[in-house]
There are 2 protein chains.
Amino acid sequence: MTSHDPGAKIISIPTLKAACQECSLNGICLSLGLGEADMKSLAGAIKSRRRLKKGEYVSRMGDPFRALYAISSGSTKTCEIAADGGVQITAFHLPGELLGLDAISAERYPSDIVALETTDLCELPFERLEALALEVPGLQHQLFRIMSREVLEEEKLLLMLGRMSAEERLAAFLLNFSKRHQQLGSSPTELRLPMSRQDLGDYLGLALETVSRLFSRFQEEGLIRVQGRQIKLHNLAKLREVTQHLPASPAARA
Amino acid sequence: MTSHDPGAKIISIPTLKAACQECSLNGICLSLGLGEADMKSLAGAIKSRRRLKKGEYVSRMGDPFRALYAISSGSTKTCEIAADGGVQITAFHLPGELLGLDAISAERYPSDIVALETTDLCELPFERLEALALEVPGLQHQLFRIMSREVLEEEKLLLMLGRMSAEERLAAFLLNFSKRHQQLGSSPTELRLPMSRQDLGDYLGLALETVSRLFSRFQEEGLIRVQGRQIKLHNLAKLREVTQHLPASPAARA
DNA sequence: AACATGATTTGATAAAGATCAAATTCATAT
DNA sequence: ATATGAATTTGATCTTTATCAAATCATGTT
């Protein structure tokens, strides 16, 4: 987290009204590690805010890429769609996270990004952001870090999809979601999932029925309490154990 | 590809000897889209070359991050290792590709990167690269593109692991490998795989036996010819069909 | 409040792929 | 060339999870 003094509200230009310094996420998003003057520049790069209702699209596959979006509040799912109609959700994004990083290279959105609930976005025109990154010290590095982090997150998901059992995947998801909730200042044990069982299945590479059965099983085992999308985590340590259940042959590999 | 005249060899400073302009990949790697003067700057940023033998490590999980590596010749695998010892290979990299993008954010390598055969690397100290990206027009953008592309590639793999059958995964891998071979100027139908069946399984989320059986099946069906790691693709169109086999219910989803 | 619609849970069965096991082929060093 | 160990192939069986089906539970609407 950054250490901007929230008391020092000197700036009040209209363009900044809806910008980073007023954002409740100040310090989580792009601005991490930037000085106050740089924050002003960044705020100037924000084109506008968009409010989406549940089910509305941030982007559709094939849309031309012009801007990244930072989530100010709410949440989204990113859906990759196969030629055969199969859906793979590659990420759920929460406030402070950046959308559209996968669209830079082809200048087209490769996926549908859909709001899971009412969601507020900051639109960051990419050309302006790039120009700014050449001038604001630290911003370029920050962008590299954020993109690198996205690569890393996806690698963790690859590990889950390729090598973990259904049980391990759901436990890992719950722990990850818990951690992110906590980083946003919410309870790490009282989760309100914004996505359906179907979404969760499409993310974890499982059938929705399997996801549902696992929730029931975890509840029977006393690990969690399930009330629809309201989940209480009773035992984080045991959930962590579940993610690490040793495979049959723990032998080292070449 | 760029259009540098290979006949115009004006530069011969030692530091450039082993650098981009002399590289057989000129134009594929970072330099894509840069002018000749910028290429010189880039070449200056290259610290050194490293030659690795089969099985040697580019990085080990936890190593401090200081540099990206560009593959000049050879190939690598990137192995994510789970707490329980399970291995997931998140990428195979070929000449012209950049290694270490996932290490920027934490300033540590999150994975083992291993040479699959004798492999030559260019070491690009990241601090120098970042400084250069602030000065050389287009280099920052190029780096953003490359990182975005990495995100995209991983999303494709996520789709494979989460939603495709074993058959579809192997067919998709063969087509992808074929395309990259072709882009490097090799035959798109005569492949020499540098990785073992075990590696392929660890990449595709399958048991090595399943991979082996699929090779045999594809051969029986006349799609390919298998001689160990030497693979001849007989029918690219049919392989493409295999990747698109419709699932039981092609119904649209919410 | 009753209804309609979609989401979730639970059950029964089937299929895909993992695992265990063994034979065969390949590669490398002597 | 030959031996040795690793990689690959093939077979038999078992587990996990998908699929199909139906009941129940929410949610929002008129």
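Order of the sequence lines fixes the chain letters, A, B, ..., with proteins taken first and strands second; residue numbering starts at 1 for each chain.
Computed from coordinates, the A:Leu214 CG to D:dA18 P distance equals 9 Å when rounded to whole Å. Atom CZ in A:Arg192 sits roughly 12 Å away from atom P in D:dA26 (whole-Å rounding). Between B:Gln230 atom CD and C:dA27 atom P the separation is 11 Å, expressed in whole Å. Atom C1' of nucleotide D:dA7 and atom CG of B:Leu116 are separated by 15 Å, given to the nearest angstrom. The CD-P distance, from A:Gln227 to D:dC25, rounds to 14 Å in whole Å. Rounded to an integer number of Å, the gap from CD1 of B:Ile231 to P of D:dT8 is 10 Å. B:Leu193 places its CG atom 16 Å from the C1' atom of C:dC26, with the value rounded to the nearest Å. One interatomic measurement links the two molecules: CG of A:Leu170 to P of D:dT16, which rounds to 17 Å at whole-angstrom precision.
Two end axes, each from the C1' atoms of five base pairs, can be drawn for the helix from C:dA1-D:dT30 to C:dT30-D:dA1; they diverge by 50°, to 10 degrees.
Residue B:Arg225 holds its CZ atom at 10.0 Å from CD1 of B:Ile231, rounded to the nearest 0.5 Å. The distance from atom CG of A:Leu170 to atom OG1 of A:Thr210, rounded to the nearest 0.5 Å, is 10.5 Å. Atom CG of residue A:Leu184 and atom CG of residue A:Leu94 lie 6.0 Å apart, to the nearest 0.5 angstrom.
In terms of the side chain to side chain donor-acceptor pair (under 3.5 Å) criterion, A:Gln182 has no residue partners (sequence neighbours excluded). Among residues two or more places apart in sequence or in another chain, the side-chain contact (heavy atoms from CB on, under 4.5 Å) test is passed with A:Thr243 by A:Met164, A:Ala171, A:Ala172, A:Leu175.
Within the structure, salt bridge (charged side-chain N to carboxylate O under 4.0 Å, His left out) pairs that include any residue of residues 212-222 of chain A comprise A:Glu167-A:Arg217 (at least two apart or interchain). Evaluation of the salt bridge (charged side-chain N to carboxylate O under 4.0 Å, His left out) test over residues 226-239 of chain B, restricted to residues two or more places apart or in two chains, returns B:Glu190-B:Lys232.
Classification of A:Glu168 and A:Arg163 as a salt-bridged pair fails, no side-chain N sitting under 4.0 Å from a carboxylate O. Under a 4.0 Å N-O distance rule, the pair A:Asp112/A:Arg60 does not qualify as a salt bridge.
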Any chance you could list the contact pattern along nucleotides 10-18 of chain C? Use B for base contacts, S for sugar-phosphate-only contacts and - for none, protein heavy atoms under 4.0 Å, 5' to 3'. BBB----SS
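Contact check, B:Arg229 against C:dA27: no side-chain N or O comes under 4.0 Å of OP1 or OP2.
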